[in-house]
Number of protein chains: 2
Amino acid sequence: MSEAVDVILRKNQLSVTGSRKKILELFIGSRGDALAHADIEKKAGEKFDRVTIYRTLQTFVDKGIIHSIPTEDNSVRYALCKHNCTNGHHHDNHVHFVCNCCERTVCIDEVTVPDVKLPKEFAPMYAQMVVTGVCKNCL
Amino acid sequence: MSEAVDVILRKNQLSVTGSRKKILELFIGSRGDALAHADIEKKAGEKFDRVTIYRTLQTFVDKGIIHSIPTEDNSVRYALCKHNCTNGHHHDNHVHFVCNCCERTVCIDEVTVPDVKLPKEFAPMYAQMVVTGVCKNCL
DNA sequence: GTAACTGCAAAATATTTGCATCCTT
DNA sequence: AAGGATGCAAATATTTTGCAGTTAC
């Protein structure tokens with residue numbers, strides 16, 4: 001698995017470094033759960049500089065490895081892109097779910113964002129959907 | 001119109017003060033365009049303390065007068081609730097549009113968020129949709 | 001060896017809190 | 001008059017930038 005991480009990084013023309021491997025592993029290990037900057041700092045075990053985490057996250061977003069999730073409370077969270085988005089073009093069109101109770105944020109890969117028709121003064125490129133509710137763990 | 005503002009405030013059990021009237025007027029005047037904290041500071045004409053703006057916005061959100069808009073870049077923007085949401089319960093189910101070019105964020109009242117079916121481990125309460133694209137002004 | 005990445009310090013930005021004063025009711 | 005709202009100062013949190021040292025290729 002640690003090798004898979006190397007492959008992903010190289011596939012994206014990124015040099016393989018300790019922080020990138022570790023952070024990417026955290027995303028893979030979180031299985032669809034979105035991670036905030038603070039989660040990464042915590043789970044990485046106090047290893048990396050805050051700045052490195054910021055920069056790594058930005059690099060991953062630019063490369064299309066992870067995407068940020070729009071939430072109403074404007075907490076900044078990221079999750080893995082499933083369909084290898086390339087170079088800043090994200091095509092993840094799955095729905096996100098935010099649990100009102102435990103604040104967990106998950107990608108729901110099985111559900112795609114439905115199409116909507118907009119008034120013609122708006123030329124849509126892509127749509128995102130966030131469903132808020134309560135997850136099984138909190139019921 | 002300035003009277004309408006008074007009415008809205010009183011209807012929400014808020015005392016009618018200068019900053020609240022002015023900020024509410026800005027939202028009404030923006031006609032669906034979302035406003036960020038900085039927009040308000042600017043448009044209000046340097047009149048109010050930053051802190052007052054933060055507090056006023058929070059109060060309006062709590063009362064259901066405005067709602068925040070979830071965006072991918074996590075910019076914090078607010079827009080008027082149309083269907084008088086009450087006491088922290090927002091029912092705005094319209095789609096939001098974000099222009100990739102001018103960064104304008106608008107509520108599209110004509111279009112409602114479609115329903116989606118989620119796996120049963122998620123109990124949905126409400127859904128939000130943000131469409132990104134280019135608006136007429138930028139084409 | 002070179003270009004890219006990291007860590008540290010510090011700057012810039014954003015948000016929150018406490019408290020004294022002022023305004024609305 | 002009383003409670004709530006505001007402004008100011010300051011604390012806290014978040015993100016960005018510059019630069020020197022280190023690492024990947």
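Residue numbers begin at 1 in each chain, while the letters A, B, ... track the order of the sequences.
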*Kindly give the heavy-atom pair with the smallest separation between A:V111 and B:K117, and that separation in Å.*
CG2-O, 3.4 Å
*Within the pair A:T17 and C:dA4, is there a side-chain N or O less than 4.0 Å away from OP1 or OP2?*
no
*For D:dG4, take OP1 and OP2 only and decide whether either is under 4.0 Å from a side-chain N or O of B:S15.*
no
_I need the CZ-P distance between A:R77 and D:dT15, as an integer number of Å._
12 Å
*Quick one: B:L57 CG to C:dT16 C1', roughly how many Å, whole number?*
14 Å
_Let me test you: for the helix from C:dG1-D:dC25 to C:dT25-D:dA1, what is the angle between the axes at its two ends (five pairs each), rounded to 10 degrees?_
40°
*Indicate if B:M129 and A:L118 have the same hydrophobic cluster label, given that clusters are the connected sets of ILVMFWY residues with side-chain heavy-atom separations under 4.5 angstrom.*
yes
_Interatomic distance, B:Q58 CD vs D:dG4 P [rounded to whole Å]_ = 17 Å
*Compare every heavy atom of B:V134 with every heavy atom of B:C99, then report the nearest pair and how far apart it is.*
SG-CA, 3.9 Å
*Whole-Å distance between D:dA5 C1' and B:R50 CZ?*
19 Å
_Parallel, tilted or perpendicular, judged at 30° and 60°: which one describes the rings of A:H94 and A:H67?_
perpendicular
_Of the listed nucleotides (C:dT6, D:dT6, D:dT15), which one gets closest to any side-chain atom of A:T52?_
C:dT6
*Can you tell me the distance, in whole Å, between the CG atom of A:N74 and the C1' atom of D:dT14?*
13 Å
_Gap between atoms OH and C1', on A:Y54 and C:dC8 respectively (whole Å)_ = 16 Å
*Side-chain N or O of B:R55 closer than 4.0 Å to phosphate OP1/OP2 of C:dT15*: no
_Can you identify which nucleotide, out of C:dT6, C:dT17, D:dT15, has its nearest atom closest to the A:T56 side chain?_
C:dT6
*asked:* Pairing donors with acceptors under 3.5 angstrom, does anything connect the side chains of A:S75 and A:T71?
replied: yes
*asked:* Let me spell it out: for each of A:L14 and B:H37, pick the nucleotide of DNA chain C with the closest heavy atom. Which residue's pick is nearer the 5' end?
replied: A:L14
*How would you list all residue pairs meeting ring-ring contact (aromatic ring centres under 6.0 Å, His included) that involve residues 10-52 of chain A, not counting sequence neighbours?*
A:H37-A:Y54
_Expressed as a whole number of angstroms, how long is the span from A:L9:CG to D:dT23:C1'?_
15 Å
*Rounded to the nearest 0.5 Å, how far apart are CD1 of A:I66 and CD1 of A:I28?*
11.5 Å
*Any side-chain N or O of B:R10 under 4.0 Å from OP1/OP2 of C:dT24?*
no
*For the pair made of CG in B:N12 and C1' in C:dT24, what is the distance, rounded to whole Å?*
17 Å
*Hey, does the side chain of A:R20 come within less than 4.0 Å of C:dC5's phosphate (OP1/OP2), counting only N and O?*
yes
*asked:* Return whichever of B:V76 or B:V16 has its heavy-atom-nearest nucleotide of DNA chain C closer to the 5' end.
replied: B:V76
